[in-house]
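Presented below is the structure to which this report refers.
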Amino acid sequence: MTAPALYLHLPGTAAEALEFYQGVFGGETSTATYAEFGRTDGPGSAVAHGTLSGAVDLHVSDAGEHDEPFSARGLMVALLGAAEPTTLRTWFAALAEGGDVVDPLQRRDWGASDGQVRDRYGVLWLIGYEHGTDPSAEATTAQA
């Protein structure tokens with residue numbers, strides 16, 4: 001079974017978001033427009049379905065007339081141990097660009113490191129790792 005993937009309906013910023021997330025996580029993107037899907041509930045050039053496939057898989061679209069644009073409360077996307085610690089620190093810093101560090105990526109009393117960052121599209125990410133997996137055992141990151 002494939003793992004669940006994030007799917008965001010955005011207020012006309014889907015193409016921009018897909019480019020941003022590819023810059024953060026790498027991977028391959030693909031998009032289809034409203035016109036290509038035969039949709040008439042938005043501009044023909046709007047993104048009807050965009051996909052990022054790679055270390056992190058996600059989907060985006062421009063919200064149509066009857067779609068509610070993304071907003072979330074009480075939800076975070078966990079990337080705990082999803083990559084090597086150096087990669088996770090890089091992702092944290094990149095997601096913070098134009099966003100907000102909610103809780104800095106730092107070593108915790110229980111020995112692991114984690115932190116929370118809300119990116120420029122409003123997605124709250126929890127990023128962390130166990131120190132047994134980190135050769136440098138440091139939890140440093142640039143904060144926005």
Would a distance-only check, ignoring hydrogens and angles, find a side-chain to backbone donor-acceptor pair under 3.5 Å from D119 to Y121?
yes
In a check of side-chain contact (heavy atoms from CB on, under 4.5 Å) between V123 and each of V117, L58, L75, L6, which one passes?
L6
Which heavy atom of T40 sits nearest to which heavy atom of E65, and what is that distance?
O-OE2, 4.3 Å
W125-F25 aromatic ring centre distance below 6.0 Å
yes
State, with a plain yes or no, whether a side-chain heavy atom of V56 is found less than 4.5 Å away from one of L79.
yes
With a 4.0 Å cut-off on N to O distance, would you call D114 and R89 a salt bridge?
no
Quick one: are L124 and V77 in side-chain contact, heavy atoms under 4.5 Å?
no
For atom CD of E36, decide whether the heavy atoms of other residues, nucleotides or ligands shown that lie under 6.0 angstrom number more than 12.
yes
With rounding to the nearest 0.5 angstrom, report the CG to CZ distance, L8 to F70.
5.5 Å
Report yes if the side chains of H49 and Y7 come closer than 4.5 Å at any heavy-atom pair, otherwise no.
yes
Between G64 and D67, what is the shortest heavy-atom contact and its length?
N-OD2, 2.9 Å
Grouping I, L, V, M, F, W and Y whenever their side-chain heavy atoms are under 4.5 Å apart, do L126 and L105 come out in a common cluster?
no
Is the closest side-chain heavy-atom distance between M76 and Q116 below 4.5 Å?
yes
Nearest heavy atoms of T33 and G44, plus distance in Å
CB-O, 3.2 Å
Got a donor-acceptor contact below 3.5 angstrom from the Y129 side chain to the T86 backbone?
no
Tell me whether Q22 contacts the main-chain N or O of G27 through its side chain, where contact means a donor paired with an acceptor under 3.5 Å.
yes
Check A32 against F37 and note the closest heavy-atom contact, atom names and distance.
CB-CE1, 3.2 Å
How many angstroms lie between NE2 in H59 and OG in S30, if you round to the nearest 0.5 Å?
9.0 Å
Before you tell me yes or no, could you show the steps for T29 and Y21 under side-chain contact (heavy atoms from CB on, under 4.5 Å), namely the whole-Å CA-CA distance, both residues' side-chain angles and the distance that decides it to 0.1 Å?
CA-CA 10 Å; T29 63; Y21 289 126; over 6 Å; no
Is a side-chain donor or acceptor of T87 paired with a backbone partner of A83 at a separation under 3.5 angstrom?
no
Nearest atoms (heavy-atom pairs only) where V47 meets Y34:
O-CE1, 3.4 Å
Do L52 and L18 have side chains that get closer than 4.5 Å, going by heavy atoms?
yes
Salt bridge check: are D103 and R108 linked by an N-O gap of less than 4.0 Å?
yes
Counting only N and O atoms by type, is there a donor-acceptor contact under 3.5 Å from the side chain of D62 to the main-chain atoms of T13?
yes
Between S113 and H131, do the side chains contain a donor N or O and an acceptor N or O under 3.5 Å apart?
yes
Treating E97 as the side-chain partner and L95 as the backbone partner, does any N or O pair qualify as donor plus acceptor under 3.5 Å?
no
